[in-house]
*Asks:* 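To start, I am sharing the structure in question, which I have written as structure tokens.
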There are 2 protein chains.
Amino acid sequence: MEHRIEKIKKQLHSQSYKLTPQREATVRVLLENEEDHLSAEDVYLLVKEKAPEIGLATVYRTLELLSELKVVDKINFGDGVSRFDLRKEGATHFHHHLVCIECGSVAEIEEDLLGEVESQVENQWGFEVKDHRLTFHGICKSCQKQTVAATTTTHMEQ
Amino acid sequence: MEHRIEKIKKQLHSQSYKLTPQREATVRVLLENEEDHLSAEDVYLLVKEKAPEIGLATVYRTLELLSELKVVDKINFGDGVSRFDLRKEGATHFHHHLVCIECGSVAEIEEDLLGEVESQVENQWGFEVKDHRLTFHGICKSCQKQTVAATTTTHMEQ
DNA sequence: GGGTTATTTATAATTGTTATAATTAATAGA
DNA sequence: TCTATTAATTATAACAATTATAAATAACCC
Ligand SMILES: [Mn+2]
Ligand SMILES: [Mn+2]
Ligand SMILES: [Zn+2]
Ligand SMILES: [Zn+2]
């Protein structure tokens with residue numbers, strides 16, 4: 001944890017930004033909830049617990065800054081809000097997501113998987129790929145089980 | 001064109017929705033601007049040209065309805081607005097996008113490309129893939145040329 | 001036709017996000 | 001250390017995209 005804070009601090013300093021207490025509190029919230037996909041409002045409420053005097057605008061500006069520095073990625077799952085996702089430690093690419101259309105759960109894939117596809121895009125379309133966003137929509141493992149269970153039961157009606 | 005309208009009309013009827021004049025005008029605008037990625041506001045202004053009495057809320061509701069029927073896909077490129085993208089004629093999957101970080105252009109890839117990756121996801125993660133969203137961010141062909149041209153010129157400084 | 005339901009319009013309300021002005025904190029030089 | 005300058009934050013207003021509401025209109029069914 002401290003190690004990753006330190007790293008982010010250096011990234012800020014390298015662009016002559018400071019890690020202010022408010023920014024640090026925000027980063028800590030992101031680290032403590034790394035598996036989640038928090039909206040700006042979510043982050044704001046969590047930061048407020050440890051630094052009640054923080055303003056919403058500061059959270060927005062901090063998240064924007066962290067996006068520019070590629071510390072976090074801003075993503076959108078189709079509900080009306082932007083969500084903020086920390087880059088994994090040492091990751092060279094943005095990770096992928098599995099969104100369940102039954103239960104709404106969001107799982108992550110850290111493996112790249114797109115090497116082949118990206119060189120194909122570079123060769124056939126002449127597009128120089130710098131980054132990607134990949135989301136699969138479908139049925140998660142546990143929702144699949146539930147469907148099977150429901151269909152094998154005789155009490156399907158209602 | 002008429003052929004595709006007819007097809008969409010049937011899709012609506014199959015769920016007992018009607019193709020009202022307002023809905024038809026909206027669909028026509030989408031068909032006439034298939035290569036673009038229009039926001040709801042964009043669509044509204046274009047529909048207004050051929051049916052000036054239409055209301056903004058109707059456009060929003062129509063786009064929402066078409067999304068549910070999978071006639072259009074609602075996408076988000078990170079600016080604050082949702083954009084609406086017609087499914088290509090006969091397409092079984094949502095097409096991919098190449099977004100240029102220099103000039104902002106958006107190109108499309110209709111080829112699937114993800115067959116391998118998706119079976120890997122199904123096998124290794126046990127996730128049943130129903131749909132996908134894939135966007136590459138990078139430098140488009142013409143912006144690459146410009147960069148090369150600029151660096152080979154001796155007058156680089158402004 | 002008369003009653004019912006679906007759809008649209010006009011408009012108000014809501015929500016996520018950004019801009020503004022005043023205040024506070026950090027920084028650097030005298 | 002005092003002072004001037006700049007960076008960052010707070011509180012709040014403004015904005016823009018989207019959704020909800022109520023009244024009007026159109027389509028449908030008996
Ligand atoms: Mn994630
Ligand atoms: Mn497209
Ligand atoms: Zn699920
Ligand atoms: Zn370009």
*Asks:* Give the rounded distance in Å between these two atoms: CG of B/L45 and C1' of D/dA17.
*Replies:*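 One finds 13 Å between C1' of D/dA17 and CG of B/L45, rounded.
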
*Asks:* Does C/dT7 have its OP1 or OP2 closer than 4.0 Å to a side-chain nitrogen or oxygen of B/R61?
*Replies:*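 False: B/R61 side-chain N/O out of range (4.0 Å or more) of C/dT7 OP1/OP2.
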
*Asks:* Choose from C/dT17, C/dT8, D/dA8 the nucleotide whose nearest atom is closest to any side-chain atom of A/Y17.
*Replies:*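 The answer is D/dA8, which lies nearest to the side chain.
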
*Asks:* Has B/R23 got a side-chain N or O lying under 4.0 Å from the OP1 or OP2 atom of C/dT8?
*Replies:*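 Affirmative; the distance criterion is met.
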
*Asks:* It should be established whether A/Q22 places a side-chain nitrogen or oxygen under 4.0 Å from OP1 or OP2 of nucleotide D/dT10.
*Replies:*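 Answer yes for this pair, as a side-chain N or O of A/Q22 is under 4.0 Å from OP1 or OP2.
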
*Asks:* Would you mind reading off the distance between B/L12 atom CG and C/dA6 atom C1', rounded to a whole angstrom?
*Replies:*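 Computing the B/L12:CG to C/dA6:C1' distance gives 13 Å.
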
*Asks:* Rounded to whole angstroms, how far apart are CG on A/N76 and P on C/dT17?
*Replies:*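 Rounding to the nearest Å, CG of A/N76 and P of C/dT17 are 9 Å apart.
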
*Asks:* Have a look at A/E53 and say if it touches a base, only the backbone sugar-phosphate, or nothing, with a 4.0 Å heavy-atom cut-off.
*Replies:*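 Sugar-phosphate contact only.
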
*Asks:* Counting only heavy atoms not in A/Y17, do more than 12 fall under 6.0 Å of its OH?
*Replies:*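 No, the 6.0 Å shell around OH holds no more than 12 heavy atoms from other groups.
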
*Asks:* Once you round it to whole Å, what is the distance between C1' of C/dT18 and NZ of A/K74?
*Replies:*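 In whole Å, C/dT18 C1' and A/K74 NZ are 10 Å from each other.
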
*Asks:* A/K18 has a side chain; which of D/dA27, D/dA8, D/dT10 sits nearest to it?
*Replies:*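 The answer is D/dA8, which lies nearest to the side chain.
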
*Asks:* So, B/S16 side chain and B/H13 main chain: donor-acceptor pair closer than 3.5 Å or not?
*Replies:*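 No, the answer is negative, given that no donor and acceptor are paired below the 3.5 Å cut-off.
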
*Asks:* With respect to the phosphate group of C/dT7, does any side-chain polar atom (N or O) of B/T20 fall under 4.0 Å of OP1 or OP2?
*Replies:*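 No, B/T20 has no side-chain N/O under 4.0 Å of OP1/OP2 on C/dT7.
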
*Asks:* Can you tell me how far P of D/dC28 sits from CG of B/L19, to the nearest Å?
*Replies:*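 These atoms are roughly 12 Å apart.
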
*Asks:* For B/E24 and C/dT8, give me the distance from atom CD to atom P, rounded to whole Å.
*Replies:*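 In whole Å, C/dT8 P and B/E24 CD are 12 Å from each other.
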
*Asks:* In whole Å, I'd like the distance from the CD1 atom of A/I54 to the C1' atom of D/dT9.
*Replies:*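 Value for this atom pair: 9 Å.
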
*Asks:* State which of C/dT17, C/dA10, D/dA17 makes the closest approach to the side chain of A/A40.
*Replies:*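 Side chain of A/A40 sits closest to C/dT17.
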
*Asks:* Choose from D/dT10, C/dT8, D/dT18 the nucleotide whose nearest atom is closest to any side-chain atom of B/Y60.
*Replies:*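 Nearest listed nucleotide: D/dT18.
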
*Asks:* C/dT18 P sits how many Å from A/E64 CD, rounded?
*Replies:*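 Distance check: A/E64 CD to C/dT18 P gives 6 Å.
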
*Asks:* Using a cut-off of 4.0 Å on non-hydrogen atoms, how would the nucleic acid contact of A/S39 be classed: base, sugar-phosphate, or nothing?
*Replies:*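 Nothing, no heavy atom under 4.0 Å.
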
*Asks:* Which residue lies toward the 5' end of DNA chain D, A/L56 or A/T62, if each is placed at its nearest nucleotide?
*Replies:*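 The residue whose closest nucleotide sits nearer the 5' end is A/T62.
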
*Asks:* Looking only at side-chain N and O atoms, does B/T58 come under 4.0 Å of OP1 or OP2 in C/dT7?
*Replies:*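 For C/dT7, neither OP1 nor OP2 has a side-chain N or O of B/T58 closer than 4.0 Å.
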
*Asks:* Does any pair with a residue in residues 121-140 of chain A pass salt bridge (charged side-chain N to carboxylate O under 4.0 Å, His left out), and if so which ones, sequence neighbours excluded?
*Replies:*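 Sorted pair list: A/D73-A/R133, A/R87-A/D131, A/E128-A/K130.
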
*Asks:* Looking at A/K50, I'd like to know if its NZ atom is crowded, meaning that more than 12 non-hydrogen atoms belonging to other residues, nucleotides or ligands lie closer than 6.0 Å.
*Replies:*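 More than 12 within 6.0 Å, yes.
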
*Asks:* I need the full list of salt bridge (charged side-chain N to carboxylate O under 4.0 Å, His left out) pairs touching residues 13-28 of chain A, with sequence neighbours left out, sorted by first then second residue.
*Replies:*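 Sorted pair list: A/E2-A/R28, A/E24-A/R28.
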
